[in-house]
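Before any comments, here is the structure.
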Amino acid sequence: KGAAMLLEVNDLSISYGKGNPVVHGVSFSVDKGRILAIIGESGSGKTTVLRAVGHILPRQGQVTGGHILFEGKESETKTIREKTSFIFQDSGAMLNPIRTIGTEFSEYLAAHGITGGEAEDRMTNLLSQVRLPDPAGILKSYPFELSGGMRQRVGIAMAMAIHPELILADEPTSALDVTNQAVVVREMMDVCARADTAIIVVTHNMALASYMADTILVMKDGNAVEYGSAEKVIYHPKDPYTKLLLAAVPDPGGVLS
C-alpha cells in the first residue's frame with residue numbers, strides 16, 4: 001500500500017452549539033502538491049469546513065460526525081498547527097498594528113525554527129515573489145503604512161514562508177484588485193508545485209477555481225452537491241446548482257490569463 005493521502009475528510013458533519021448540523025456528511029481528499037477548491041455562495045458551509053480542517057472552528061462549532069485524517073491518522077491540533085498555514089480573507093488584519101512587518105514576520109519564522117540570515121533571505125524573497133516593491137522598506141514598515149492589498153500580500157508571503165504541507169486559504173484574493181489577484185494566485189500555484197504543498201482554497205469565484213484547482217467541491221446549504229476533477233466539474237457538471245454557477249462565469253478558461 002502506498003503512502004497515505006495527505007488529507008482525507010470522510011462524512012464530515014459540523015454543528016454550532018446544540019443546533020442542527022450546518023455541514024452534512026461532506027467527504028473529499030487532497031494530496032501533496034494538489035489544489036482543491038471548495039466553491040459555493042455565502043452560507044454554503046465552505047468556510048466552516050475549512051475551519052474544521054484547521055482545528056479553528058469558533059467556540060460553539062464542533063465536528064459532530066465523520067473523520068478528518070492527516071497523513072493517514074486522525075488529525076490533531078498540534079500536527080495541523082505545525083504543518084499548515086492559513087490565509088484568510090483579510091490576513092493583513094491579523095498583523096500587530098504596533099510592530100513592524102519585519103518584527104512580526106521574523107518572530108513567525110523563529111517559531112518555526114527559521115532564524116538569522118536564512119530568515120532574512122526568506123522574508124525578502126517571498127515579499128518580492130508576491131510582487132511587493134522594496135521588500136527591505138516593507139519589512140521596516142508598520143501595517144497601517146501599507147494598503148489593504150499590500151497587507152494581504154504580506155499575509156500570503158508569511159503563510160508560504162514556512163514551507164507548509166498544507167495551505168488553507170479562505171477567499172485569499174478577494175481583498176486584491178484583478179492584476180494582483182492574478183499575481184498572487186500564480187505565486188501560490190508555483191509554491192504548491194515547487195514545495196509539493198497542498199492547497200485548499202475556499203472561494204465563491206468559479207473562474208478562480210477553474211484556473212487554480214485540480215479538484216473542485218461544490219457546496220450548497222451545507223451539502224456537497226458536486227465533487228470531482230476540475231475538468232469534469234467544469235465541462236460535465238451534473239448538479240443544476242453547479243450549472244448555475246458556471247453559467248455566471250463569462251469564460252472559465254480565460255480567467256487570469
Side-chain angles (χ1 to χ4, degrees), residues 1-17 21-23 25-38 45-96 99 101 103-116 118-119 122-123 126 154-172 188 191-192 194-202 215 217:
K1 183 175 164 7
M5 182 71 73
L6 181 68
L7 179 82
E8 284 181 84
V9 173
N10 300 321
D11 210 19
L12 180 70
S13 295
I14 304 163
S15 301
Y16 283 110
V22 288
V23 168
V26 170
S27 301
F28 58 87
S29 61
V30 63
D31 214 350
K32 291 180 178 177
R34 309 295 282 173
I35 300 177
L36 164 74
I38 305 181
K46 56 189 192 300
T47 295
T48 301
V49 167
L50 194 77
R51 286 179 171 274
V53 168
H55 293 254
I56 50 167
L57 279 168
R59 257 199 305 243
Q60 293 292 310
Q62 56 206 2
V63 171
T64 46
H67 297 275
I68 301 172
L69 302 177
F70 190 79
E71 295 175 329
K73 301 186 196 66
E74 284 286 339
S75 162
E76 289 173 357
T77 306
K78 184 175 177 291
T79 317
I80 287 285
R81 292 286 151 83
E82 282 167 6
K83 299 189 173 187
T84 303
S85 281
F86 299 92
I87 303 173
F88 295 105
Q89 209 158 358
D90 184 4
S91 282
M94 317 199 49
L95 297 165
N96 186 326
R99 302 172 68 190
I101 301 294
T103 310
E104 185 104 352
F105 204 156
S106 53
E107 281 206 357
Y108 178 69
L109 289 176
H112 289 88
I114 303 155
T115 52
E118 190 193 344
R122 203 173 282 194
M123 291 191 294
L126 273 153
V154 169
I156 290 169
M158 285 173 73
M160 300 193 298
I162 59 162
H163 296 168
E165 289 187 34
L166 175 64
I167 291 176
L168 298 175
D170 187 5
E171 301 277 7
M188 285 172 71
V191 162
C192 176
R194 281 199 306 269
D196 221 13
T197 298
I199 300 177
I200 299 179
V201 60
V202 155
T215 21
L217 171 74

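By convention here, the first residue in the shown sequence is residue 1.
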Taking the side chain as every heavy atom from C-beta outward, state whether Thr48 and Tyr16 have any pair of such atoms under 4.5 Å apart. yes
Indicate yes or no: at least one non-hydrogen side-chain atom of Ile38 is less than 4.5 angstrom from one of Val49. yes
Side chains of Arg34 and Met5: closer than 4.5 Å at any heavy-atom pair? no
Could you state the interatomic distance from CD (Glu74) to CG (Leu69), rounded to the nearest 0.5 Å? 5.5 Å
Where is the tightest heavy-atom contact between Ile199 and Leu166, given as atom of each residue plus distance? N-CD1, 4.5 Å
State, yes or no, whether a side-chain contact exists between Ser85 and Ile162 at a heavy-atom distance under 4.5 Å. yes
Please confirm whether the backbone N or O of Glu104 pairs with a side-chain atom of Arg99, one donor and one acceptor, at under 3.5 Å? no
Determine, step by step, whether Leu95 and Met158 satisfy the side-chain contact (heavy atoms from CB on, under 4.5 Å) criterion, reporting the C-alpha distance in whole Å, the side-chain angles of both residues, the deciding distance to 0.1 Å, and the verdict. CA-CA 11 Å; Leu95 297 165; Met158 285 173 73; 3.9 Å; yes
With no hydrogens and no angle check, is any side-chain donor or acceptor of Arg51 less than 3.5 Å from a backbone partner on Ile56? yes
Derivation and outcome, side chain to side chain donor-acceptor pair (under 3.5 Å), residues Asp11 and Ser27: CA-CA 5 Å; Asp11 210 19; Ser27 301; 4.9 Å; no
Please evaluate residues Leu57 and Gln62 with respect to the criterion side-chain contact (heavy atoms from CB on, under 4.5 Å), reporting the C-alpha separation (whole Å), side-chain torsions for both, the decisive distance (0.1 Å), and the verdict. CA-CA 7 Å; Leu57 279 168; Gln62 56 206 2; 5.5 Å; no
Name all residues meeting the salt bridge (Lys or Arg N to Asp or Glu O under 4.0 Å) criterion together with Glu165; count only those two or more places apart in sequence or in a different chain, and write none if there are none. Lys83
Pairwise side-chain contact, Met160 with Ile167, heavy-atom cut-off 4.5 Å (strictly under): yes
Counting C-beta onward and ignoring hydrogens, is there a side-chain heavy-atom pair between Met123 and Ser106 closer than 4.5 Å? yes
For His163 and Thr197, does a side-chain donor sit closer than 3.5 Å to a side-chain acceptor? no
Expected output: side-chain Ser13 to main-chain Gly25 donor-acceptor under 3.5 Å: yes
N/O donor-acceptor pair under 3.5 Å between His112 side chain and Tyr108 backbone: yes
Under the criterion side-chain contact (heavy atoms from CB on, under 4.5 Å), I'd like the reasoning laid out for Val9 against Val53: C-alpha separation, chi angles, the key distance, then a yes or no. CA-CA 8 Å; Val9 173; Val53 168; 4.1 Å; yes
Do Thr84 side-chain atoms and Ile80 backbone N/O form a donor-acceptor pair below 3.5 Å? yes
Rounding to 0.5 Å, atoms CG (Asn96) and CD (Glu107) come to a distance of 9.0 Å
Which heavy atom in Ser15 sits nearest to a heavy atom in Pro21, and how many Å separate them? OG-CA, 3.3 Å
Ala52 to Leu12 - nearest heavy-atom pair and separation: CB-CD2, 4.3 Å
Nearest heavy-atom neighbours spanning Ile200 and Leu50: CG2-CD1, 3.6 Å
Can you check whether Gly17's main-chain N or O pairs, donor with acceptor, with Arg59's side chain at less than 3.5 Å? no
Shortest non-hydrogen contact from Ile114 to Ala119? O-CB, 3.8 Å
Closest heavy-atom pair, Gly54 versus Arg81, reported as atoms and distance to 0.1 Å, is O-NH2, 4.0 Å
So, do Phe28 and Val26 sit near enough that their side-chain heavy atoms are less than 4.5 Å apart? yes
Go through the steps to decide whether Ile87 and Met188 satisfy the test side-chain contact (heavy atoms from CB on, under 4.5 Å), and finish with yes or no. CA-CA 11 Å; Ile87 303 173; Met188 285 172 71; 4.0 Å; yes
Strictly distance-based, threshold 3.5 Å: is any side-chain N or O of Asp31 a donor or acceptor partner for the main-chain N or O of Leu6? yes
CZ of Phe88 to CG of Leu168: how many Å apart, nearest 0.5 Å? 8.0 Å
